[in-house]
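Letters A, B, ... mirror the listed sequences (proteins, then strands); counts begin at 1. Note: hydrogens, waters and symmetry copies are ignored here, and every other heavy atom, side chains too, is used.
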Protein chains: 2
Amino acid sequence: MTHPSQTAIQATRPQRSKNRKQQIIEFALELLQTRGFENFSYQDLSLELGITKASIHYHFPKKEDLGVALCAGIQHWHQTMFQEIMANDVPAIEKIRIYINGLLNYAMGNNKICPLSSLQADVTSLPPAMLPALRDLDNHELEFIANVLEQGRNNGELSFPGEAIHQAAIVVLSVKGALQYSRIHGPELLQPTLKQIEQLLQT
Amino acid sequence: MTHPSQTAIQATRPQRSKNRKQQIIEFALELLQTRGFENFSYQDLSLELGITKASIHYHFPKKEDLGVALCAGIQHWHQTMFQEIMANDVPAIEKIRIYINGLLNYAMGNNKICPLSSLQADVTSLPPAMLPALRDLDNHELEFIANVLEQGRNNGELSFPGEAIHQAAIVVLSVKGALQYSRIHGPELLQPTLKQIEQLLQT
DNA sequence: GTCTATACACCGATAGAC
DNA sequence: GTCTATCGGTGTATAGAC
């Protein structure tokens, strides 16, 4: 006699080990945003997740392997955010707001900044294997925002001087900079500065 | 019989040890800008300067002491730059250009960024004794630029919406962000983005 | 997949001679 | 002021048992 119910229970039981890799990535992403890639260790991860350093080395033999996986995790976040922006048929300024809020939500917990800002700051110490992924992430983000701005200006919804890619750089860099700034100086300047960025697109 | 000439020679001889402290600060500032405070060591300094780690500990017993001295060095740079700006009776947009060029010159050597951006990125790992100095430096810089912008708008030389302090945040954070970005992606986007920032002040 | 145990390099920091 | 020598702690990484 077989016991199909057991099989079902097995299948729906929380499979802790199967998602270990993802658990590691998620907590490492948080540490990347709060402390930077060179300032967290396998020990930090092992203490949080309740397994030993050696176990983490099983999933990511070298820290550079973890670093590349973190870049892939950031890419996944980007994809989700960009798809959400393109899915909604809203004015261009609203698309920019969704982008800004997506960034804010991703760094909402205390003392977090944009993961790409964090990687950029440490770039001279990073394992070289991470650099191509980092470059691609930066490029894609900037070009996506530039496209939104350019289409908005063509629609007559937005107004700004110069080329869209340079205006996109100002938007992206200002938002991330304001996030990093608010970690030290508190949130007072954050919201009004973000509003100011929006205003510059409508003058 | 005395030997006054010897005394004179002694006084004009290059006093290597007397300036050691300053030598350390200057090279440490470079390492701060290229690698970040937590990613350079007393060993890095000792190899460059040709003295041992212990000797550096004589000048700066703890690394936090060196960190505080680095903040003072940054303040000195700020003072010089801000005085140069105020000394010249030039249009407000020209004062902004002097600020931007001052920042660029200070980070001209390869792979350097603004030292304050570097400290901000590492803020959760820094010795707490450095934080007040870091906050003051950030505040003073932002308020100085806000003053330049506000006076320029009152003069009719500049035109921008909203409050000067929020526009100043966009200017300062964009410039530093563009500097950090160009370290990874090359200089192509740097100059046109800086021009774009200037254009936004004259619309 | 997770563990214990360990290797080796580097870190900040101190003691004491010169 | 600079040195040699050393300490305790932590970093990444690996070997091998279970």
Engineer: Hey, does the side chain of B:Tyr58 come within less than 4.0 Å of D:dG1's phosphate (OP1/OP2), counting only N and O?
Structural biologist: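 So the side chain of B:Tyr58 is within the cut-off, an N or O lying under 4.0 Å from OP1 or OP2 of D:dG1.
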
Engineer: With a distance cut-off below 6.0 Å to the six-membered ring centre and an angular limit of 45° from the axis, does B:Lys63 pair with B:Phe37 as a cation-pi contact?
Structural biologist: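 Output yes; distance and angle both within limits.
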
Engineer: Taking OP1 and OP2 of D:dG11, is either one under 4.0 Å from a side-chain nitrogen or oxygen of A:Gln43?
Structural biologist: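 The answer is yes; a side-chain N or O of A:Gln43 sits under 4.0 Å from OP1 or OP2.
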
Engineer: Quick one: which of D:dT2, C:dC11, C:dT2 gets closest to the side chain of B:Ile51?
Structural biologist: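 Looking only at heavy atoms from C-beta outward on B:Ile51, the closest nucleotide is D:dT2.
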
Engineer: Under the 6.0 Å and 45° cation-pi test, does A:Lys176 pair with B:Tyr181?
Structural biologist: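 Judged by the rule, A:Lys176 and B:Tyr181 form no cation-pi pair.
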
Engineer: For B:Asp44, is there an ion pair with B:Arg35 - N to carboxylate O distance below 4.0 angstrom?
Structural biologist: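 Yes, charged N to carboxylate O under 4.0 Å.
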
Engineer: Which heavy atom of B:Leu134 sits nearest to which heavy atom of B:Gln120, and what is that distance?
Structural biologist: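 Distance-wise, the nearest heavy atoms are CD2-N, 4.4 Å.
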
Engineer: Contact class for B:Ser55 vs. all strands (heavy atom < 4.0 Å): base, sugar-phosphate, or nothing?
Structural biologist: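 Contact class for B:Ser55: base.
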
Engineer: Hey, which of A:Gln202, A:Glu157, A:Gln199 is the one that makes side chain to side chain contact (heavy atoms under 4.5 Å, CB included) with A:Ile93?
Structural biologist: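 For A:Ile93, the side chain to side chain contact (heavy atoms under 4.5 Å, CB included) test succeeds with only one of A:Gln202, A:Glu157, A:Gln199, which is A:Gln202.
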
Engineer: Provide, to the nearest angstrom, the distance between the CD atom belonging to A:Glu38 and the P atom belonging to C:dC10.
Structural biologist: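 My rounded result for the distance is 15 Å.
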
Engineer: If you compare all heavy atoms of B:Gly162 against all heavy atoms of A:Gln196, which two are closest, and at what distance to 0.1 Å?
Structural biologist: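 Minimum heavy-atom contact is CA-OE1, 3.6 Å.
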
Engineer: When the distance from NE2 of A:His59 to P of D:dT12 is rounded to whole Å, what number comes out?
Structural biologist: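 My rounded result for the distance is 17 Å.
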
Engineer: Please report, rounded to the nearest Å, how far the P atom of C:dG1 is from the CG atom of A:Asn19.
Structural biologist: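 The distance from CG of A:Asn19 to P of C:dG1 comes to 11 Å, rounded to the nearest Å.
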
Engineer: Strictly under 4.0 angstrom, non-hydrogen atoms only: write out the protein contact profile of nucleotides 13-18 of chain C, one letter per nucleotide from the 5' end, B, S or -.
Structural biologist: BBB---

Engineer: Answer yes or no: is there an ion pair linking B:Glu84 with B:Lys95, defined by an N-O contact shorter than 4.0 Å?
Structural biologist: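 B:Lys95 and B:Glu84: not salt-bridged.
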
Engineer: Once you round it to whole Å, what is the distance between C1' of C:dT2 and CG of A:Leu45?
Structural biologist: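 In whole Å, C:dT2 C1' lies 16 Å from A:Leu45 CG.
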
Engineer: Separation of B:Asn39 atom CG from C:dG12 atom P, in whole Å?
Structural biologist: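 Rounded to the whole Å, the gap is 10 Å.
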
Engineer: Give the rounded distance in Å between these two atoms: CG of B:Asp44 and C1' of C:dC10.
Structural biologist: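 About 10 Å, once rounded to whole Å.
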
Engineer: Between atom CD1 in B:Ile56 and atom C1' in C:dC11, what is the gap in whole Å?
Structural biologist: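 So the CD1-C1' distance, B:Ile56 to C:dC11, works out to 13 Å.
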
Engineer: Respond yes when some side-chain nitrogen or oxygen of B:Thr52 is under 4.0 Å from OP1 or OP2 of D:dC3, and no when none is.
Structural biologist: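 The answer is yes; a side-chain N or O of B:Thr52 sits under 4.0 Å from OP1 or OP2.
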
